[in-house]
Amino acid sequence: MSKKIRTESVDHLFEAILNLETKEECYLFFEDVCTVNELLSFSQRFEVAKMLREKRTYLEIAEKTGASTATISRVNRSLNYGNDGYEMVFKRMDAKKNAES
């Protein structure tokens with residue numbers, strides 16, 4: 001992770017996020033912290049990552065999410081060359097889903 005974002009302020013934000021317990025609490029917090037467009041951009045990138053992981057084409061992803069090819073490419077680069085943050089979360093979500101079934 002870039003040292004530029006490892007700041008005390010970012011640490012405080014992440015500590016706050018780690019204290020959220022429900023999806024409803026997430027809605028309340030993130031609606032206060034983010035603009036609607038910021039939150040929609042985060043969710044769009046996450047959906048793009050999910051679809052790339054499912055081996056969907058750029059065209060399918062663009063049509064479903066409305067993301068530009070530049071955004072899809074940037075997310076794809078993160079999936080392939082990033083810090084594996086997406087993969088960590090997807091694996092945990094998959095494990096939780098499998099445990100619930």
Side-chain angles (χ1 to χ4, degrees):
M1 181 182 298
S2 171
K3 292 181 186 209
K4 291 181 183 179
I5 69 164
R6 282 192 180 263
T7 66
E8 188 175 345
S9 296
V10 174
D11 282 350
H12 289 156
L13 174 64
F14 290 164
E15 287 171 22
I17 292 168
L18 288 169
N19 279 289
L20 300 171
E21 296 179 3
T22 66
K23 197 179 295 186
E24 184 57 32
E25 287 182 357
C26 290
Y27 274 103
L28 294 171
F29 180 76
F30 281 98
E31 284 182 40
D32 282 350
V33 173
C34 301
T35 66
V36 171
N37 286 337
E38 289 168 335
L39 194 51
L40 293 175
S41 291
F42 285 146
S43 65
Q44 182 187 64
R45 286 192 293 270
F46 193 74
E47 189 67 16
V48 166
K50 180 177 173 285
M51 293 178 76
L52 284 167
R53 192 171 180 253
E54 295 167 350
K55 306 294 186 205
R56 304 280 186 89
T57 67
Y58 275 34
L59 181 59
E60 287 177 287
I61 296 168
E63 287 175 353
K64 172 106 171 40
T65 67
S68 68
T69 55
T71 295
I72 297 168
S73 180
R74 186 170 50 246
V75 172
N76 194 42
R77 191 169 39 254
S78 292
L79 284 170
N80 292 313
Y81 306 108
N83 295 311
D84 294 325
Y86 279 118
E87 193 58 30
M88 174 186 62
V89 169
F90 287 131
K91 283 181 180 178
R92 288 181 185 171
M93 291 174 74
D94 289 344
K96 184 176 181 180
K97 184 178 178 182
N98 290 336
E100 291 172 352
S101 352

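If you're wondering where the values come from, they're calculated on a predicted model, not measured in any experiment.
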Check your understanding: Is Leu39 reachable from Leu13 through a run of hydrophobic residues whose side-chain heavy atoms are each under 4.5 Å from the next?
Key -> yes
Review point. Measuring from Glu15:CD to Ile17:CD1, what's the distance to the nearest 0.5 Å?
Key: 10.5 Å
Exercise for review: Share the residues that join Met88 in a hydrophobic cluster, the rule being Ile, Leu, Val, Met, Phe, Trp or Tyr side chains under 4.5 Å apart at the heavy-atom level.
Suggested key: Phe46, Val48, Met51, Leu52, Tyr58, Ile61, Ile72, Val75, Leu79, Tyr86, Val89, Phe90, Met93
Revision key, fill the gap. Applying side chain to side chain contact (heavy atoms under 4.5 Å, CB included) to Cys26 and not counting sequence neighbours gives Leu20, Phe30
**Study point:** Heavy atoms from other residues, nucleotides or ligands near CD of Glu54 exceed 12 (cutoff 6.0 Å)
**Key:** yes
Practice item. Name all residues meeting the side chain to side chain donor-acceptor pair (under 3.5 Å) criterion together with Thr57; count only those two or more places apart in sequence or in a different chain, and write none if there are none. Key: Glu60
Exercise for review: For Ser68, enumerate each residue passing the side chain to side chain donor-acceptor pair (under 3.5 Å) test, keeping only those at least two apart in sequence or located in another chain.
Suggested key: Thr71
Check your understanding: How many angstroms lie between atom CZ of Arg6 and atom CG of Asp11, to the nearest 0.5 angstrom?
Key -> 7.5 Å
Check your understanding: Taking the side chain from Ser73 and the backbone from Thr69, do they hold a donor-acceptor pair closer than 3.5 Å?
Key -> no
Exercise for review: Could you tell me whether Phe29 atom CZ has more than 12 heavy atoms of other residues or ligands within 6.0 Å of it?
Suggested key: yes
**Study point:** Residues forming a side chain to side chain donor-acceptor pair (under 3.5 Å) with Asn98, sequence neighbours excluded
**Key:** none
Revision key, fill the gap. To the nearest 0.5 Å, atom NZ of Lys64 lies from atom CG of Leu59 at 14.0 Å
**Study point:** Set of side chain to side chain donor-acceptor pair (under 3.5 Å) partners for Glu87, sequence neighbours left out
**Key:** Arg53
Review point. Are any side-chain N or O atoms of Glu38 and backbone N or O atoms of Cys34, one a donor and one an acceptor, separated by less than 3.5 Å?
Key: no
